[in-house]
> 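Here it is, the structure, as structure tokens.
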Protein chains: 2
Amino acid sequence: MTTPARTEATQKLGKAQYAYEWIKVQILEQAFTPGYRLVLANIAQTLGMSVVPVREAIRRLEAEGLVTFERNVGARVSMVDGEQYRYSMEALGILEGAATAQSAAHLTAKELAEARELNAKLEESLENFDPETFTAVNHQFHQILACRCPNQRLNDMIAVEWERLNHLRTSTFSFVPNRARASVNEHYQILHLIETHAPADAVEKAVREHRTATLRSYLNSRGTN
Amino acid sequence: MTTPARTEATQKLGKAQYAYEWIKVQILEQAFTPGYRLVLANIAQTLGMSVVPVREAIRRLEAEGLVTFERNVGARVSMVDGEQYRYSMEALGILEGAATAQSAAHLTAKELAEARELNAKLEESLENFDPETFTAVNHQFHQILACRCPNQRLNDMIAVEWERLNHLRTSTFSFVPNRARASVNEHYQILHLIETHAPADAVEKAVREHRTATLRSYLNSRGTN
DNA sequence: CCGCCGCAGATAATATACGATTTCGAATAA
DNA sequence: TTATTCGAAATCGTATATTATCTGCGGCGG
């Protein structure tokens with residue numbers, strides 16, 4: 001089934017890389033649920049390779065926090081408690097706030113227009129609401145706003161944190177629909193701040209609070225369930 | 001020479017772990033300078049193990065940014081340009097500011113006393129100045145202030161960034177002595193803010209600016225050289 | 001009846017062997 | 001002289017084999 005595509009990708013990027021991506025997809029798509037035990041030999045056989053590249057892939061996933069590893073025992077998909085989701089959201093708010101503030105001054109008119117367009121798409125999608133696409137477009141929106149941040153290190157950290165959140169989110173809850181409307185409005189506010197060249201502090205604060213609000217709404221929704 | 005200690009550590013933590021730590025020490029102590037090529041077979045022979053654990057160690061170092069890796073070519077110690085140092089400092093300022101602000105409310109009197117003591121030690125050491133110890137104690141100081149941050153994720157990121165900075169710093173410059181005095185004073189200010197229960201914003205801002213100032217002084221000193 | 005000991009199965013950790021890719025220099029032809 | 005091709009050395013990538021470690025279970029002794 002995936003064999004033809006695999007052999008191709010395998011040759012170019014190496015089996016380790018392929019295994020890495022494959023496992024990550026399994027985790028993100030819930031084929032491997034939290035707590036699932038990743039047995040080297042099994043995966044190696046499934047992918048038609050030896051255990052060595054698989055091992056390497058798993059260690060990389062460990063470094064990203066998607067799996068936990070115990071010596072002489074093995075790896076399993078990270079268990080996710082609500083705390084971890086909270087921590088990552090908070091961290092992302094902090095990083096993204098700072099990055100967006102730095103990026104704001106360098107954004108071109110075209111990029112701002114793109115961002116507006118994306119937010120409009122979000123607004124439309126409020127009708128027949130689909131959490132997955134909403135999340136994806138939302139990600140794009142924030143990515144554009146932060147993309148001109150000259151600090152590459154920050155951007156890297158943000159990327160890692162988004163991946164982590166994708167994992168944690170799908171594992172813990174299916175979204176908070178009520179929040180979507182407010183989120184879109186806050187996006188417009190952020191755009192306004194940037195377009196009117198508001199001080200960097202203000203942009204940073206707005207972005208961070210935007211995320212904090214999402215987090216709060218999540219915590220509330222969990223509390224009342 | 002290191003054999004007896006090694007065999008012991010090797011047994012407990014595994015050769016991969018040992019290799020990882022050994023290589024890291026070499027890099028941090030400048031035995032492996034930036035650009036140095038890390039050849040699997042060489043290191044494996046030096047450490048008396050096969051290439052497999054060495055390979056794993058190197059991939060872990062890659063994930064931390066201490067070495068760069070190119071497929072079918074190999075690994076080398078990361079080249080460091082001034083930009084990277086700047087980015088990491090900035091990132092650390094952002095993260096540490098937020099973490100310290102969150103931590104402030106939970107710090108015990110004992111911990112604050114410890115912090116004061118460490119800063120006093122820094123003040124003393126201004127006489128016969130030694131950059132290495134200053135840096136180390138400085139790290140401890142900030143670590144204590146942030147240690148009560150409930151967000152474990154933030155703490156992890158900060159730890160990684162400190163390591164990275166240690167690498168970058170020793171590679172690029174030997175410190176800016178003039179800055180040390182101001183740094184100590186700012187530490188006292190930060191302590192004062194925490195002890196008087198200043199708002200979190202204020203603490204965060206102070207810590208971030210503390211680091212920004214260090215960065216500025218570094219950039220200036222480079223500019224006038 | 002409960003807890004410790006040891007054995008067997010499973011699985012990770014490492015070693016060794018082989019194949020694949022890149023790099024660099026030397027020989028050759030324009 | 002210079003560009004190009006060919007080949008050998010170096011080094012990485014992966015597979016296979018071996019060893020070490022953990023886990024769970026069943027028996028033995030208290």
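Chain naming here is simple, since letters A, B, ... match the order of the sequence lines and numbering starts at 1 in each. No hydrogens, no waters, no symmetry mates; every other heavy atom, side chains included, goes into these values. The structure displayed is predicted, hence computed values, not measured ones.
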> Closer to the 5' end of DNA chain D via nearest nucleotide, is it A:V73 or B:A41?
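In this pair, the answer is B:A41.
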> Counting only side-chain heavy atoms from C-beta out, which of D:dC12, D:dT16, C:dA15 sits nearest to B:V52?
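The nucleotide sitting nearest to the side chain is C:dA15.
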> Could you state the CZ-C1' distance from A:R55 to C:dT11, rounded to the nearest angstrom?
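So the two atoms are 11 Å apart, to the nearest Å.
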> Report, as yes or no, whether the 6.0 Å neighbourhood of atom CD on B:Q45 holds more than 12 heavy atoms from other residues, nucleotides or ligands.
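Result for CD/B:Q45: open.
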> What is the distance from OH of B:Y18 to C1' of C:dA13, rounded to the nearest Å?
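The answer, rounded to whole Å, is 18 Å.
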> Mind calculating the distance between CZ (B:R59) and C1' (D:dT14) to the nearest angstrom?
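Interatomic distance, CZ of B:R59 to C1' of D:dT14: 13 Å.
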> Between P on C:dT21 and CZ on B:R71, what's the gap in Å once rounded to a whole number?
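Rounded to the whole Å, the gap is 8 Å.
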> Treating A:Y87 as the side-chain partner and B:P150 as the backbone partner, does any N or O pair qualify as donor plus acceptor under 3.5 Å?
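Yes; judged by distance alone, with no hydrogens or angles, the pair exists.
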> Of all of residues 62-70 of chain A, which get a heavy atom below 4.0 angstrom from DNA chain D, listed by number?
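None - not one residue of the stretch has a heavy atom sitting under 4.0 Å from the strand.
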> When we call it a touch if two heavy atoms are under 4.0 Å apart, what does A:L38 touch: a base, just sugar-phosphate, or nothing?
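Sugar-phosphate contact only.
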> To the nearest angstrom, how far is A:E56 atom CD from D:dC12 atom C1'?
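Rounding to the nearest Å, CD of A:E56 and C1' of D:dC12 are 11 Å apart.
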> Determine whether a donor-acceptor pair (N or O, by modelled atom type, separation under 3.5 Å) exists between the side chain of A:N166 and the backbone of A:L28.
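Here the side-chain-to-backbone pair does not exist.
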> If I take atom CG in residue B:L13 and atom P in nucleotide D:dT21, what distance separates them, rounded to the nearest angstrom?
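The distance from CG of B:L13 to P of D:dT21 comes to 12 Å, rounded to the nearest Å.
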> What is the distance from CZ of A:R60 to P of D:dG13, rounded to the nearest Å?
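Going from A:R60 (CZ) to D:dG13 (P), I get 12 Å.
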> Once salt bridge (Lys or Arg N to Asp or Glu O under 4.0 Å) is applied, what residue pairs with a partner in residues 135-145 of chain B remain, sequence neighbours excluded?
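Those involving residues 135-145 of chain B do not exist here.
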> Is it the case that more than 12 heavy atoms not belonging to A:E117 sit under 6.0 Å from its CD atom?
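At most 12 heavy atoms, drawn from other residues, nucleotides or ligands, come within 6.0 Å of this atom.
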> Nearest whole Å is fine: how far is D:dA10 P from B:I43 CD1?
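Going from B:I43 (CD1) to D:dA10 (P), I get 18 Å.
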> Going 5' to 3' along nucleotides 5-10 of chain C, which nucleotides have protein heavy atoms under 4.0 Å from the base (write B), which only from the sugar-phosphate (write S), and which from neither (write -)?
------
> Check A:E90 with A:R86, please: is the shortest side-chain N to carboxylate O separation under 4.0 Å?
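Counted as a salt bridge, because a side-chain N and a carboxylate O are separated by less than 4.0 Å.
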> Please tell me which of the listed nucleotides, C:dA13, D:dC12, D:dA15, lies nearest to the side chain of B:L40?
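Looking only at side-chain atoms, B:L40 lies closest to D:dC12.
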> Let's see if you can work this out: which of D:dG13, C:dT16, C:dA12 has an atom nearest to the side-chain heavy atoms of A:N72?
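Comparing D:dG13, C:dT16, C:dA12 against the side chain of A:N72, the answer is C:dA12.
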> With a 3.5 Å cut-off and sequence neighbours excluded, list the donor-acceptor pairs that the side chains of residues 136-147 of chain B form with protein atoms.
| unit_1 | atom_1 | unit_2 | atom_2 | d |
| --- | --- | --- | --- | --- |
| B:N138 | OD1 | B:H187 | NE2 | 3.2 |
| B:H142 | NE2 | B:H187 | NE2 | 3.2 |
| B:H142 | NE2 | B:H210 | NE2 | 3.3 |

> Could you tell me which residues satisfy side-chain hydrogen bond (donor to acceptor under 3.5 Å, both in side chains) with B:N72, sequence neighbours excluded, listed by chain and number?
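By the side-chain hydrogen bond (donor to acceptor under 3.5 Å, both in side chains) rule, B:N72 matches no residue at all.
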> Quick one: which of D:dT16, C:dT11, C:dT16 gets closest to the side chain of B:V51?
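The answer is C:dT16.
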> Could you name each residue pair satisfying ring pair (Phe, Tyr, Trp, His ring centres under 6.0 Å) that touches residues 33-62 of chain B, not counting sequence neighbours?
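Counting only pairs at least two positions apart or across chains, the ring pair (Phe, Tyr, Trp, His ring centres under 6.0 Å) contacts touching residues 33-62 of chain B are B:F32-B:Y36.
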